[in-house]
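Below: one structure, written as structure tokens.
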Protein chains: 2
Amino acid sequence: METLCTHPIRYVADHTGLKPYLIRTWEERYGVVRPHRTSGNRRLYSDDDIRRLKLLKQAVDCGHNISTVAELDDKELIALVKRAAQDRSRQARQGPSEPSGSQPPSPTSAWPTIERALNSIVQLDAPALETVLSEAAVDLPRQTFVVDIVVPLFARIGDLWRTGKLKTVSEHMASVTVRSILWDMLRTVENAQDAPRIVVATPAGHRHEIGALTSALAAAESGWTPLYFGPNLPSDEIAYAVKKCNARALSLSLCHSLNASRLSVELGKIRRAAGSDLPIFVGGPGVAAAGAALERIAAMVCDDLQTFRDRLEMLT
Amino acid sequence: METLCTHPIRYVADHTGLKPYLIRTWEERYGVVRPHRTSGNRRLYSDDDIRRLKLLKQAVDCGHNISTVAELDDKELIALVKRAAQDRSRQARQGPSEPSGSQPPSPTSAWPTIERALNSIVQLDAPALETVLSEAAVDLPRQTFVVDIVVPLFARIGDLWRTGKLKTVSEHMASVTVRSILWDMLRTVENAQDAPRIVVATPAGHRHEIGALTSALAAAESGWTPLYFGPNLPSDEIAYAVKKCNARALSLSLCHSLNASRLSVELGKIRRAAGSDLPIFVGGPGVAAAGAALERIAAMVCDDLQTFRDRLEMLT
DNA sequence: AAATATTAAACACAATGTTGACATATGCAA
DNA sequence: TTGCATATGTCAACATTGTGTTTAATATTT
């Protein structure tokens with residue numbers, strides 16, 4: 001699709017998280033982009049320019065010098081950023097990874113953001129929550145936002161809710177708000193027309209969507225086209241969707257460990273209906289309780305989004 | 001239906017949210033439209049003109065310059081706006097959109113749109129569904145879109161699903177897609193800071209959100225601030241939310257008629273916890289089966305969105 | 001007669017461009 | 001170590017342009 005449209009610098013700033021003067025300076029000093037000009041000498045950026053600036057910002061955030069990355073083309077930038085993300089997640093994995101799962105999350109700068117978010121959630125202040133999260137979202141690469149903010153935030157929410165320290169409404173409010181943010185991010189990932197498709201859903205009985213949405217986002221960033229069908233979907237329907245959409249993989253998100261026997265039955269049905277070839281990925285806090293059933297259907301259990309992405313990319 | 005009818009500038013202003021002088025200025029400076037004139041030199045706009053001005057306003061609200069966007073044709077504008085609808089960090093600079101007033105019936109018949117939507121749903125083609133619906137959404141005032149398209153569409157979906165003619169995945173896919181469209185519309189309604197608040201949710205056991213979202217949208221258009229807490233919320237949590245958020249009303253959406261006795265208990269609890277003063281609105285296909293319980297808690301049953309809006313506006 | 005439109009000019013203010021300077025960090029050389 | 005050059009982010013000052021709004025005089029509609 002050709003991009004006939006052009007965007008003013010303010011728009012670009014909003015979308016990249018770069019300050020307008022920085023965009024100009026980068027252009028002048030390093031020639032990172034060469035925007036058109038209006039008759040009145042105003043810069044007009046294309047979608048490609050925006051993409052490129054986003055990538056450059058990510059690369060710089062990863063610790064690279066702007067002067068050196070400025071010369072790379074988009075493909076090289078993508079590779080660079082991806083490598084950095086993997087390194088970092090590996091590092092995080094080796095770090096204080098408690099098996100209990102929901103310890104105080106990463107020691108990164110994400111902590112204050114999560115605290116502020118949690119506060120808005122307790123106060124049932126959805127606009128505030130949205131503000132906090134979208135501020136964080138501009139500053140961070142998508143993947144980092146999800147891994148460092150969204151995942152730990154919902155781990156905390158789950159903990160607090162289970163111990164009665166958080167009302168159900170609060171959890172609902174958080175889910176509704178965050179799912180719309182994730183959904184928007186999902187739609188802005190551009191992938192090729194012929195990208196392989198992956199069905200994303202949660203099995204019957206599992207009603208929490210956030211995990212499924214994060215995996216859809218991860219899949220999209222790994223070059224797949226996610227087909228998101230939401231929560232609480234019976235096995236035969238999942239299998240039907242896989243076939244009907246001609247999907248090459250399936251991702252299931254298990255957010256709790258209730259009803260292991262029913263889940264086991266459901267999973268079995270899915271495997272039988274989908275055939276033995278279909279790669280089935282499973283993730284979420286509920287996997288622990290479903291161990292045996294998962295082995296039986298040869299599901300690929302992913303403890304975090306990065307391993308999910310790694311395996312997805314290996315499939316292609 | 002042929003619409004040769006032409007509209008005076010006042011009408012166009014009411015329907016686009018643009019001030020009359022701005023419409024003239026845009027025409028003079030950027031040639032955005034070229035309306036006919038009466039014998040007395042007054043401008044007469046066509047429906048196409050109105051649609052174009054609406055699109056332009058949307059594009060401008062998204063952060064584009066009117067001068068650059070004025071040159072795009074309608075197709076490009078739609079593409080631009082659809083992409084930009086995903087943007088978070090927008091600060092609205094326009095005044096509030098037009099109040100209800102007397103909306104003339106839509107020039108487009110909804111029927112073909114619904115058929116096309118249904119077709120996409122059966123095919124599990126989410127992008128197609130989104131295209132169909134967002135095309136319809138730019139043509140129609142928000143309220144008309146909801147009343148003439150969304151509501152009948154989901155009535156059809158419900159029928160087809162109950163009779164086994166539609167898969168559950170299809171229904172899921174439609175819900176996920178439409179809820180994101182409605183959510184986007186919801187966040188673009190501008191209302192005053194001090195607008196009275198109304199809590200919107202569905203009671204425990206009711207998991208369909210679309211009805212609740214449409215009522216949230218209706219409330220927003222009637223000058224209220226809806227606080228949306230999603231589906232399947234226990235009675236005490238609903239009551240808590242009402243108090244915590246200092247809401248002046250409550251809207252419940254009942255999408256099916258299962259478990260009437262449990263519902264009755266839930267409703268009773270809500271009324272007791274919320275106090276006898278709180279106006280409770282109830283709507284949706286499930287109201288029929290809940291008759292007695294609704295009377296007992298003095299709920300205001302709304303058969304359609306318009307009566308809901310009327311009663312809401314009477315409250316202020 | 002009252003309400004509304006039209007035109008043209010002017011106004012006000014925000015957004016953007018350009019230039020030059022400054023601050024800080026980093027690395028290299030003396 | 002000190003000192004200097006380089007890389008990079010930031011800001012201030014000022015000119016220009018873009019765009020929403022107002023005003024005033026006139027005309028049309030109801």
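Only heavy atoms go into these numbers, but all of them, side chains included; no hydrogens, no water, no symmetry mates. In what follows, every chain begins at residue 1, and chains take the letters A, B, ... in the order their sequences are listed. Every value quoted in this text rests on a predicted model; they were computed, and no experiment measured them.
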Open item on the list: Please report the distance, rounded to the nearest Å, between CD1 in Ile9(B) and P in dT28(D).
Closed with: 17 Å

Task: Euclidean distance, atom NZ of residue Lys57(A) to atom P of dG9(D) [Å, nearest integer] - done: 10 Å

Task: Residues in side-chain contact (heavy atoms from CB on, under 4.5 Å) contact with Asn41(B), at least two apart in sequence or another chain - done: Arg37(B)

- [ ] Report yes if a side-chain nitrogen or oxygen of Trp26(A) is closer than 4.0 Å to either non-bridging phosphate oxygen (OP1 or OP2) of dT8(D); otherwise report no.
- [x] no

- [ ] Using atom NE2 of His64(A) as one end and atom P of dA25(C) as the other, report the distance to the nearest whole Å.
- [x] 21 Å

Open item on the list: Go nucleotide by nucleotide along DNA chain D from the 5' end; which of Tyr21(B) and Lys19(A) gets its closest nucleotide reached first?
Closed with: Lys19(A)

Open item on the list: Can you tell me how far apart CZ (Arg51(A)) and OG (Ser46(A)) are? Round to the nearest 0.5 Å.
Closed with: 8.0 Å

TODO: Rounded off to whole Å, could you give me the CZ-to-C1' distance for the Arg10(B) and dT6(C) pair?
DONE: 16 Å

TODO: State which of dA7(D), dA21(C), dG20(D) makes the closest approach to the side chain of Arg29(B).
DONE: dG20(D)

- [ ] Take atom CD1 of Ile66(B) and atom P of dT21(D), then tell me their distance rounded to the nearest Å.
- [x] 13 Å

Task: Closest listed nucleotide, where the reference is the side chain of Glu28(A) and the choices are dA10(C), dT7(C), dT19(C) - done: dT19(C)

Task: Salt-bridge present (Asp49(B), Arg52(B); N to O < 4.0 Å) - done: no

Open item on the list: Please determine whether a side-chain nitrogen of the Lys or Arg among Lys57(B) and Asp61(B) lies less than 4.0 Å from a carboxylate oxygen of the Asp or Glu.
Closed with: yes

Task: Distance below 4.0 Å between Arg24(A) side-chain N/O and dT16(C) OP1 or OP2 - done: no

Task: Intermediate values then yes/no, side-chain hydrogen bond (donor to acceptor under 3.5 Å, both in side chains), Asn119(A) and Glu115(A) - done: CA-CA 6 Å; Asn119(A) 196 50; Glu115(A) 274 309 294; over 6 Å; no

Task: NZ/NE/NH1/NH2 to OD/OE distance under 4.0 Å, Asp14(B) and Arg10(B) - done: yes

- [ ] Grab the CG-C1' distance between Asn65(B) and dA14(C) for me, whole Å please.
- [x] 11 Å

Open item on the list: Does anything in residues 32-45 of chain A come within less than 4.0 Å of DNA chain C? Heavy atoms only, and list the residues if so.
Closed with: Arg37(A), Asn41(A), Arg42(A), Arg43(A)

Open item on the list: Just verifying a value: how many Å separate Trp26(A) CH2 and Lys19(A) NZ, rounded to the nearest 0.5 Å?
Closed with: 11.0 Å

- [ ] Could you state the atom-to-atom distance from CD1 of Ile23(A) to P of dT10(D) in whole Å?
- [x] 12 Å

TODO: Calculate the interatomic distance between Glu27(B) atom CD and dA5(C) atom C1'; express it in whole Å.
DONE: 12 Å

